[in-house]
Trainee: 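One structure coming up, written as structure tokens, with questions to follow.
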Number of protein chains: 2
Amino acid sequence: MSNPLPLLDVNATPCCAPLTRSPIGETDAERVAAMFKALGDPVRLRLFSNIASAEGGEACVCDIQDVGVSQPTVSHHLKKLREVGLLESERRGSWVYYRVDPGVLAVMAGLLAPVGT
Amino acid sequence: MSNPLPLLDVNATPCCAPLTRSPIGETDAERVAAMFKALGDPVRLRLFSNIASAEGGEACVCDIQDVGVSQPTVSHHLKKLREVGLLESERRGSWVYYRVDPGVLAVMAGLLAPVGT
DNA sequence: TGTCGACATCGACAACCATCGAAACAGCGT
DNA sequence: ACGCTGTTTCGATGGTTGTCGATGTCGACA
């Protein structure tokens with residue numbers, strides 16, 4: 001189950017220079033935009049932050065369901081975050097744990113590095 | 001014309017700890033998600049990168065129009081980036097120049113800072 | 001004043017997306 | 001084997017969004 005659709009393989013491509021350094025290419029823009037879009041929903045952003053800030057960097061779905069939408073909707077959003085490569089999931093017993101991919105986080109932060117950096 | 005709808009005033013609020021530090025609040029999530037969403041479209045991402053990487057950190061619309069969509073569509077996307085606080089615009093003579101707000105860039109990069117940072 | 005070029009706005013349309021309830025699926029305990 | 005709980009998938013629906021052509025606005029220049 002973990003990482004079923006790695007749309008963006010961070011290891012394959014260090015991905016790109018900061019957006020402020022050189023114009024991003026058409027195909028890179030496609031992939032990077034998908035990641036930003038995934039974080040562009042309030043519910044997904046909260047889910048992501050809940051997981052990222054949890055102890056050990058991972059959390060069970062049952063621990064983060066309280067974001068004001070139905071449980072199927074939570075699952076739907078987690079799937080999107082997974083498809084885009086921001087999260088990985090693993091089943092342990094009854095529960096499914098979600099974890100943040102630290103590499104992909106660094107890539108996105110690097111893209112947004114201010115000019116002088 | 002410049003900055004007509006500052007949905008997110010960076011100076012007003014240092015905005016929030018990294019997503020990996022503590023769960024983001026509901027209202028903060030709303031505003032931050034709007035910024036990520038703005039970068040979540042390939043055309044907007046390329047426009048933004050074109051401007052951010054231009055000399056002097058600013059560019060005239062006529063210099064960045066070549067992203068494969070019509071001129072009204074370009075204008076539409078630039079407006080969205082402006083509304084969300086990522087860009088500022090200024091008319092000089094016949095041309096309108098767009099510029100990246102460096103502060104807001106730093107905020108977003110800070111939000112994505114990996115765990116250990 | 002009239003025209004031209006650079007951008008912005010408007011109105012419309014198709015595609016996409018967030019959300020839900022219902023149903024299916026997967027382990028665990030008894 | 002059975003039911004229970006946690007999680008995902010499905011189908012439908014209402015709202016959002018990316019895109020376009022047509023039109024409007026503003027400044028420059030004769």
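Sequence lines set the chain letters: A, B, ... in the order given, protein chains first and strands last, and positions in each chain run from 1.
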Trainee: Which of the following nucleotides, C:dA22, D:dT7, C:dC7, is nearest to the side chain of A:C60?
Mentor: D:dT7
Trainee: Calculate the interatomic distance between B:Q65 atom CD and D:dC20 atom P; express it in whole Å.
Mentor: 12 Å
Trainee: Just compare C:dT9, D:dG18, C:dC7 and give me whichever is closest to any side-chain atom of B:V61.
Mentor: C:dC7
Trainee: For A:D41 and A:S94, find the nucleotide of DNA chain C closest to each by heavy atoms; which residue's nucleotide sits nearer the 5' end?
Mentor: A:D41
Trainee: What is the separation between atom NE2 on B:H76 and atom C1' on C:dA12, rounded to the nearest whole Å?
Mentor: 14 Å
Trainee: May I ask you to say whether B:R82 pairs ionically with B:E88, meaning some side-chain N is under 4.0 Å from a carboxylate O?
Mentor: no
Trainee: Tell me whether the OP1 or OP2 atom of D:dC20 has a side-chain N or O from B:S70 closer than 4.0 Å.
Mentor: yes
Trainee: Looking at C:dA18, I'd like to know if its phosphate oxygens (OP1 or OP2) sit under 4.0 Å from a side-chain N or O belonging to A:R44.
Mentor: yes
Trainee: Distance check needed: D:dT7 P versus A:Q71 CD, whole Å only.
Mentor: 7 Å
Trainee: Could you tell me the separation between the CH2 atom of B:W95 and the P atom of C:dC4, rounded to a whole number of Å?
Mentor: 17 Å
Trainee: Report the distance from atom CZ of B:R92 to atom C1' of C:dC7, rounded to the nearest whole Å.
Mentor: 15 Å
Trainee: Taking only the side-chain nitrogens and oxygens of A:K80, find out if one of them lies under 4.0 Å from OP1 or OP2 of C:dA18.
Mentor: yes
Trainee: What is the distance, rounded to the nearest whole Å, between atom NZ of A:K37 and atom P of D:dT17?
Mentor: 11 Å
Trainee: Taking only side-chain nitrogens and oxygens of B:Y98, does any of them come within less than 4.0 Å of OP1 or OP2 of C:dA8?
Mentor: yes
Trainee: Which part of the nucleic acid does A:V43 contact within heavy-atom distance under 4.0 Å: base, sugar-phosphate only, or nothing?
Mentor: sugar-phosphate
Trainee: Can you tell me if A:S49 uses its side chain to pair, donor with acceptor, with the backbone of B:L19 under 3.5 Å?
Mentor: yes
Trainee: I need the CG-P distance between A:L81 and C:dC17, as an integer number of Å.
Mentor: 14 Å
Trainee: Mind listing the closest non-hydrogen atom pair of B:D41 and A:A33 along with its distance?
Mentor: C-CB, 3.7 Å
Trainee: Nearest nucleotide by nearest heavy atom, which residue falls closer to the 5' end of DNA chain D, A:C62 or B:T73?
Mentor: A:C62
Trainee: If you check every side-chain atom of B:H77, which of D:dG18, D:dC26, D:dG6 has the closest atom?
Mentor: D:dG18
Trainee: If I compare all heavy atoms of A:A17 with all of A:L111, which pair ends up nearest, and what's the gap?
Mentor: O-CD2, 3.5 Å
Trainee: Testing the basics here: between A:L112 and B:L112, what is the closest heavy-atom pair and its distance to 0.1 Å?
Mentor: CD1-CD1, 3.9 Å
Trainee: A:L87 has an atom CG; how far is it from atom C1' of D:dT7, in whole Å?
Mentor: 16 Å
